[in-house]
Amino acid sequence: MLSSIEKQSNRVKVEVRGTSADGNPLYVVTIADPTTQGKFGKIQSLRKQMFKNPGRAQDWIAANPDFKVPVMINGSIHGTEFVGSDAVLQLIERFATQNDAETKKILANNILIFNVVQNPDGRVNATRFNGEGIDLNRDFITQSQPETQETVALIKEWNPMVFLDTHGYVKNYAPNRQGLIEPCTPPHNPNYEYDLYNKWAYQQAEAMEANIMADNASFKGDLYKTMQGVYVPQRDDTAGWDDYPPIFTPMYAMYHGAYGHTLEAPTNDWDGVRWQYDAIMGALKFATENKQAMITDQIEMFKRGINFDHPFHPDGFFPKAYVLPVDEKDPTVTDKAVNHLLTNDIEVEQAAKAFTADGKTYPKGTYIVRMDQAKAGLANTMLWDGEDITNDTPAMYDISAWSLSELWGFEAVPTQTSVHVTSTKVTQITEQGSVIGKGPFLIPNSSVKAVNLANTLLQQGITVTRDAKGNFYTEAAANQISAAVKVSGLKVESTANVPGDAVPLSGLKVAILKDGGMSKQQSHSGTKLALKRLGFDVTEVTPVEAAEKGLTGFDVFVYSGTESLISTNLSPANKEFGFQNAGQLDLFKANVNAFIDKGGKYIAVGAGASRATKTLGLTDDTINTGGSNSNGIVKVDYEGTGVTAGYAQDDLGFVYRPVWYTGTDNDKVVANLANSEDFFIAGHWAGNAAAKGQAVIVKEQNKDVTLIGLEAGFRDHTDYLFRLLSNAIFEK
């Protein structure tokens, strides 16, 4: 269809901008009328000016009203919310081929960028998530998936003035108000220039609503015939549908200056497609009528960043800069962070010589993120520590803390003083590790890349040992390991000797219990991706496969997901993902116990898996859990050896639906939540005092069972905690 339309119309450009996790094409269609102000209406040169001299860009707009603005429409990031992509296809056909006055006016003033099906895996497989089991509309701070990366690249390329994200299905959130159009309820992320966004976004939401209602007679279903409007969270509610975390597509786009909206159609039918079509048309008409003032305010956001002038923020909220020191032997974590910042249009510099900030001296090569830049809000939301918003709102829609520095494990030191040092602009970091000396060689237990290197060497048949601190050693010749070390980015050096407590490792086969998609997600997917990035050989095993075939051939069994995976009372929608009959639970229990009795290792991660472990009779601990939407960054006291090697007292962790353990007298407790009033650093967790000082990682004494209460692989985001998984796997 798309290629046929492209051949018919000189307005249309069809591109494949990458492939999905399963290898499906990611189509982007750009539509603009070449007969009015040129194909792209000078927006590309204007975009450059926005970030170099925003005041001049605003002056140009005032003097030249005949220009086009980019508007991006995202089709169906959730695969089962089909109506979005269906509406997008109808809109593409209209704007490619029709010549009515309304179509021509919109094309004279806008460049339309359609991300046609943002989740083709989900559309093909009829799943909310992509082929890796990731909810892509939770991935915009991590950007772990190719589909997310493609969308980020599009947003950065175009800096759309308006961003519309098509979803479903919301009905009856308010009486006779069907569907949902943002802006959101509080709390609003404080890193926005929210006054500039809300000034136009709210009016645009009401314009979309008005356009839907103007077409009310065209709807067929009873739900729509009685419709009196649309649910607009900011107008119609007080909490529960917030724009706080930058994990959602429109919220992420807002940091690039876009007026971002989630559009939730009421139903999965042709009425739902019409609702989406009408909403998008309402947004386009509003943008056409108000483009000059809207883009002027979009540029004002960039001007505030460049001038370090944030009139609606308290003094000191934004630091003058972040300083990112680099670990000389293992720079990989900081390298990843810097490349991530650059990918997101954030400017990073590197010091050409040593310098001092706030009385501390940093060496040559230290990275600096100065906050007098256009996208200061995005830089700060990625790098700040976050805040405890428990008392600010009764409910949150999703995560409330995500600090890259704390959860990826690099230093980002904020300073309120100007950093004076000669520096160079960074464009990209290319990692290349090196081998120094003749051996034996030490690979520190310092990062995801370090563990991956150890696993890579094991898979190449090279002998690797591990000590009580989790560090790895090999006595192989330098030329045997140099290729793998170069890829890793680490500096691997000789050590005087290998500690006497270092024990040989073997390549281990890891099974992870597969959640096929309960509660609209694959709850094991983040941990699965973490294990793969650590370099383990990971196989997904369904509950039925584990019951019927056992776990023979595996060394480690990881349960990281909902406890409903071992329920015998599943809804019809979830039945296919769990046990098919009650007897399979008994078989599953027997097989897991036999696996452990024969020397297999069992690891449970998170609240759901901990509760399941209790059901399986593998622990007699009391499993305590916080609210299902509670989450955040916590202070943790780790033992520092074995399972928690590489971690320390007064260290960090992340919880989501927090879990802690009591009645642990016959366990080995290897980590506790800090026993201090301020143990909860950032996020939303009502009633957290009950967990203060309690056990959060335990090992059963008489069987190889480990309970990890922290979310060590959460959505492929918590890199700093991944080594808890590798430690638990390697620990004898």
Side-chain angles (χ1 to χ4, degrees), residues 71 73-74 81 83-84 137 161-190 192-216 219 223-246 248-254 257-267 271-272 274-287 289-290 293-294 297-298 301 312 389 392-398 400 629 684:
V71 175
I73 300 109
N74 211 36
E81 296 167 11
V83 296
N137 204 40
M161 188 185 81
V162 174
F163 186 97
L164 307 174
D165 204 33
T166 58
H167 288 260
Y169 304 97
V170 168
K171 56 187 178 183
N172 300 318
Y173 266 40
N176 297 317
R177 293 189 177 274
Q178 306 304 345
L180 177 149
I181 299 175
E182 292 172 341
C184 294
T185 65
H188 308 300
N189 190 296
Y192 297 133
E193 302 294 329
Y194 201 78
D195 64 305
L196 297 174
Y197 164 79
N198 199 51
K199 175 180 175 182
W200 295 106
Y202 183 77
Q203 292 181 59
Q204 191 166 38
E206 292 202 314
M208 287 187 262
E209 176 185 47
N211 203 59
I212 292 167
M213 293 307 297
D215 193 30
N216 192 248
F219 292 99
L223 183 77
Y224 294 84
K225 290 176 182 177
T226 59
M227 180 171 57
Q228 296 177 3
V230 170
Y231 172 73
V232 179
Q234 187 180 102
R235 180 189 67 193
D236 300 327
D237 219 330
T238 56
W241 194 285
D242 60 272
D243 52 16
Y244 191 81
F248 311 118
T249 328
M251 279 67 258
Y252 172 79
M254 286 163 63
Y259 302 100
H261 301 269
T262 297
L263 310 180
E264 295 269 0
T267 54
D271 275 342
R274 180 174 292 278
W275 186 101
Q276 285 283 9
Y277 182 100
D278 288 344
I280 293 167
M281 285 299 298
L284 293 176
K285 286 188 270 189
F286 183 86
E289 295 299 327
N290 297 282
M294 290 175 76
D297 278 348
Q298 180 185 26
M301 186 194 94
F312 289 85
I389 58 170
D392 295 349
T393 183
M396 290 290 291
Y397 191 79
D398 204 271
S400 313
N629 291 323
H684 190 281

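Position 1 is the first residue of the sequence, and the numbers go up from there. Remember, predicted model here, so these are calculated numbers, not experimental data.
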| said: For Glu182, is there any backbone N or O sitting under 3.5 Å from a side-chain donor or acceptor partner on His261? | reply: yes
N/O donor-acceptor pairs under 3.5 Å from side chains in residues 173-180, not counting sequence neighbours:
unit_1 : atom_1 : unit_2 : atom_2 : d
Arg177 : NH1    : Glu209 : OE2    : 3.0
Gln178 : OE1    : Asn172 : N      : 2.9
Gln178 : NE2    : Asn172 : OD1    : 3.0

| field | Distance-only donor-acceptor check, side chains Gln203 and Asn290, under 3.5 Å | value | no
| query | Which atoms form the tightest heavy-atom contact between Val170 and Trp241, and what is the distance? | reply | CG2-CH2, 4.4 Å
| task | Provide the closest heavy-atom pair for Ala265 versus Val83 in the form atom of the first, atom of the second, distance. | result | CB-CG2, 3.8 Å
| note | Rounded to the nearest 0.5 Å, the OG1 atom of Thr249 sits from the CG atom of Asp165 at a distance of 4.0 Å
| query | In chain order, what residues pass the salt bridge (charged side-chain N to carboxylate O under 4.0 Å, His left out) check against Asp195, with sequence neighbours excluded? | reply | Arg304
| Just checking, is any N or O donor in the side chain of Asn211 or Asp278 under 3.5 Å from an acceptor N or O on the other one? | no
| query | Given Gln234, which of Asn198, Asp242, Thr185 fulfils the side-chain contact (heavy atoms from CB on, under 4.5 Å) condition? | reply | Asn198
| query | Would a distance-only check, ignoring hydrogens and angles, find a side-chain to backbone donor-acceptor pair under 3.5 Å from Gln276 to Leu263? | reply | yes
| Closest approach of Thr262 and Pro250, non-hydrogen atoms and distance? | OG1-CG, 3.3 Å
| query | Rounded to the nearest 0.5 Å, what separation is found between the NZ atom of Lys199 and the CG atom of Asp297? | reply | 4.0 Å
| Is a donor on one side and an acceptor on the other found under 3.5 Å between the side chain of Glu81 and the backbone of His167? | no
| task | Look at the aromatic rings of Tyr397 and Phe248 and report parallel, tilted or perpendicular, splitting at 30° and 60°. | result | perpendicular
| note | Heavy-atom closest pair (Tyr194 atom, Pro183 atom, distance to 0.1 Å) is OH-CB, 4.0 Å
| request: Mark yes or no for whether Tyr192, through its side chain, and Asp243, through its backbone, hold a donor-acceptor pair below 3.5 Å. | output: yes
| said: Test side chain to side chain contact (heavy atoms under 4.5 Å, CB included) on Phe219 and Trp275; report intermediate values, then the result. | reply: CA-CA 8 Å; Phe219 292 99; Trp275 186 101; 4.1 Å; yes
| query | Shortest non-hydrogen contact from Met294 to Ala287? | reply | SD-CA, 4.1 Å
| Do the side-chain N and O atoms of Tyr231 and Asp237 include a donor-acceptor pair separated by under 3.5 angstrom? | yes
| request: Measure the spacing between CG of Leu164 and CD1 of Ile181 and express it to the nearest 0.5 Å. | output: 9.5 Å
| task | Would you give the length of the straight line joining atom OG1 of Thr393 to atom NE2 of His684, rounded to the nearest 0.5 angstrom? | result | 5.5 Å
| message | Measuring only between side-chain heavy atoms, which start at C-beta, is Val230 closer than 4.5 Å to Met208? | response | no
| query | Tyr224 and side-chain hydrogen bond (donor to acceptor under 3.5 Å, both in side chains): which partner among Thr267, Asp271, Asn216? | reply | Thr267
| query | Of all heavy-atom pairs between Tyr197 and Gly260, which one has the smallest distance, and what is that distance? | reply | OH-O, 2.7 Å
| said: Looking only at the side chains, is there a donor atom on one of Trp200 and Gln298 sitting less than 3.5 Å from an acceptor on the other? | reply: no
| field | Asn189 side, atom CG; Met254 side, atom CE - distance, nearest 0.5 Å | value | 8.5 Å
| query | Do side-chain atoms of Thr166 reach the backbone of Asn74 as a donor and acceptor pair under 3.5 angstrom? | reply | yes
| NZ of Lys285 to CE of Met281: how many Å apart, nearest 0.5 Å? | 5.5 Å
| field | Side-chain donor or acceptor of Tyr244 paired with backbone N/O of Ile389 under 3.5 Å | value | no
| query | Does the side chain of Glu206 come under 3.5 Å of the side chain of Tyr202 through a donor N or O and an acceptor N or O? | reply | yes
